[in-house]
Amino acid sequence: METVTLTIKDQPGLYLEADNITPDAFAGKKAEEIADLHVYVGREQYRLGDFFEVSGKAGATAEETKIVVNGDLSRVKYIGMKMTGGEVVVNGNADMYVGAWMQGGKITVNGNVDSFAGTGMKGGEMVINGNAGNYLGAAYRGDWRGMAGGKITVTGNAGSDLGTFMTGGEIVVGGDVDVHVATHAEGGKIVIKGNAKRRLGGQMVEGEIYVFGNIDVMMPGFAYREDVDIDSDGIKGRFALYEGDLGERHRKRKGQPIYAKLYQRIAA
């Protein structure tokens, strides 16, 4: 695998829209060709090389290309958006839409990310060694297609509206989450190793949520069923199983309604 290194040299006055920072866009290009790829600041078009020092070379394909991005990227959006293969390593904080609509490959962020990371994600893996903002793995506003595949791991905390309209894939949060997790979800798996706030699983019809800590207020549409022993994400424990959201229509399989399942750990 060949490696291209980007190091930010000039911070944009407004936010930099850099959806070309992907193995797909870099594949088959030399450093000077990569520096000529376009980026936007507001309505104005610039070269990627106007903001980043570019070194190394890309592989022949996306799968053979690794990108390392260094510096304070908290004003850089869309890193890894729609990528299909290869690898991106971000050494610093990044702005919104990291890995949005990602289809394959791996993104590692050694810092925090802002909102909409992994929105509409279809495949691949994202590891955030820090905190994530709102709408992690969720649908874009006005859309009904959230995360459908792949895996997102956050070692810190995550914001509100995580996994909205999620249909597949897995999200693991090492810390706490804010309100409105898995709203309208129709599949997928969410593991919260810290605490969750209210409105967890609202209008959820299928999928699984595991909470290792406290739930601020349980949704009235979730009914307790039984206690079960589970090994979730390598951690064993006894969990209370709730099913819901009972206020929604649920399709049937072999004549039996399919409910979303919410597990809360009650004993290690």
Side-chain angles (χ1 to χ4, degrees), residues 1-8 15-27 29 34 37 39 48 52 54 56 58-59 61-140 146-159 162-163 166 168-175 188-191:
M1 179 176 280
E2 302 285 355
T3 300
V4 177
T5 300
L6 304 180
T7 303
I8 196 162
Y15 290 91
L16 182 66
E17 298 183 4
D19 58 324
N20 268 329
I21 301 180
T22 67
D24 300 77
F26 284 16
K29 293 183 175 63
I34 293 169
L37 292 172
V39 294
L48 186 62
F52 290 91
V54 182
T61 66
E63 288 74 17
E64 297 170 303
T65 300
K66 177 179 180 179
I67 302 172
V68 178
V69 193
N70 297 321
D72 178 10
L73 308 162
S74 56
R75 301 174 73 85
V76 181
K77 302 178 186 292
Y78 303 117
I79 295 174
M81 189 174 84
K82 297 182 179 179
M83 62 183 277
T84 64
E87 184 176 0
V88 177
V89 177
V90 179
N91 292 317
N93 297 332
D95 196 38
M96 297 194 294
Y97 300 104
V98 172
W101 300 284
M102 177 180 176
Q103 299 176 43
K106 182 177 182 180
I107 298 176
T108 302
V109 180
N110 296 313
N112 303 323
V113 298
D114 210 320
S115 300
F116 291 106
T119 188
M121 183 175 174
K122 297 177 180 176
E125 182 181 8
M126 186 186 312
V127 177
I128 301 166
N129 292 314
N131 300 320
N134 301 329
Y135 297 99
L136 178 72
Y140 188 68
M147 182 177 176
K151 182 176 181 179
I152 301 174
T153 302
V154 180
T155 61
N157 302 319
L162 181 154
M166 186 176 179
E170 182 177 1
I171 300 174
V172 179
V173 179
K189 178 180 178 181
I190 297 173
V191 178

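Values below: every heavy atom of this structure, side chains too, minus hydrogens, waters and symmetry copies. For this chain, numbers begin at 1 and follow the sequence in order. All values derive from a computational prediction rather than experimental measurement.
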Colleague: Can you measure from CG (Asn93) to CD1 (Ile128) and round to the nearest 0.5 angstrom?
Modeller: 11.5 Å
Colleague: Just wondering, do Val39 and Phe52 contact through their side chains at under 4.5 Å, heavy atoms?
Modeller: no
Colleague: Heavy atoms only: give me the nearest Val98-Met126 pair and the separation to one decimal.
Modeller: O-CE, 3.4 Å
Colleague: Quick one: OG1 on Thr108 to CD on Glu125, what's the gap to the nearest 0.5 Å?
Modeller: 7.0 Å
Colleague: Counting neighbours of NZ on Lys29 that are heavy atoms of other residues, nucleotides or ligands and sit closer than 6.0 Å, is the number greater than 12?
Modeller: yes
Colleague: Say whether, by atom type as modelled, one donor and one acceptor occur between the side chain of Thr84 and the main chain of Gly104 under 3.5 angstrom.
Modeller: no
Colleague: Go through the steps for Glu2 and Val4 under the test side-chain contact (heavy atoms from CB on, under 4.5 Å), then give the verdict.
Modeller: CA-CA 7 Å; Glu2 302 285 355; Val4 177; over 6 Å; no
Colleague: Could you tell me which non-hydrogen atom of Lys77 sits nearest to which non-hydrogen atom of Met96, and how far apart they are?
Modeller: NZ-CE, 3.2 Å
Colleague: Looking only at heavy atoms, which two atoms of Pro23 and Ala62 are closest? And how far apart?
Modeller: CB-O, 3.5 Å
Colleague: Quick one: does any side-chain atom of Asn112 pair with a main-chain N or O of Asn131 as donor and acceptor, under 3.5 Å?
Modeller: yes
Colleague: Looking at Asn134 and Gly159, would you say the former's side chain and the latter's main chain have a donor-acceptor pair under 3.5 Å?
Modeller: no
Colleague: Between atom CD of Gln103 and atom CE of Met121, what is the distance when rounded to the nearest 0.5 Å?
Modeller: 11.0 Å
Colleague: For Ile8 and Val76: C-alpha separation, side-chain torsions, deciding distance, then whether side-chain contact (heavy atoms from CB on, under 4.5 Å) applies.
Modeller: CA-CA 10 Å; Ile8 196 162; Val76 181; 4.1 Å; yes
Colleague: How far apart are the closest heavy atoms of Gly85 and Asp24, and which atoms are they?
Modeller: N-OD1, 4.1 Å
Colleague: Considering non-hydrogen atoms only, spot the tightest contact between Met1 and Glu63 and give its length.
Modeller: CE-O, 3.1 Å
Colleague: Roughly how far, to the nearest 0.5 Å, is the CD1 atom of Ile79 from the CG atom of Asn20?
Modeller: 12.0 Å
Colleague: Would you please name every residue forming a ring pair (Phe, Tyr, Trp, His ring centres under 6.0 Å) with Tyr78, sequence neighbours left out?
Modeller: Tyr97
Colleague: Going through the distances and angles, do Thr22 and Val88 end up as a side-chain contact (heavy atoms from CB on, under 4.5 Å)?
Modeller: CA-CA 7 Å; Thr22 67; Val88 177; 5.9 Å; no
Colleague: Do Trp101 and Asp19 touch side chain to side chain, with heavy atoms closer than 4.5 Å?
Modeller: no
Colleague: Report the relative orientation of the aromatic rings in Tyr135 and Phe116; use parallel for angles under 30°, tilted for 30 to 60°, perpendicular for over 60°.
Modeller: parallel
Colleague: For Ile152 and Leu136, which heavy atoms make the closest approach, and how far apart are they?
Modeller: CG2-CD1, 4.0 Å
Colleague: To the nearest 0.5 Å, how far apart are OG1 in Thr7 and CG in Asn70?
Modeller: 4.5 Å
Colleague: When you measure from the side chain of Ser74 to the backbone N and O of Asp95, does any donor-acceptor pair fall under 3.5 Å?
Modeller: no
Colleague: Let me see the working for Glu87 and Thr3 under side-chain contact (heavy atoms from CB on, under 4.5 Å), right down to the final yes or no.
Modeller: CA-CA 9 Å; Glu87 184 176 0; Thr3 300; over 6 Å; no
Colleague: Using the side-chain contact (heavy atoms from CB on, under 4.5 Å) definition, which of the options Thr153, Val191, Leu162 pairs with Ile171?
Modeller: Leu162
Colleague: So do Phe26 and Leu6 actually touch side chain to side chain, heavy atoms under 4.5 Å?
Modeller: yes
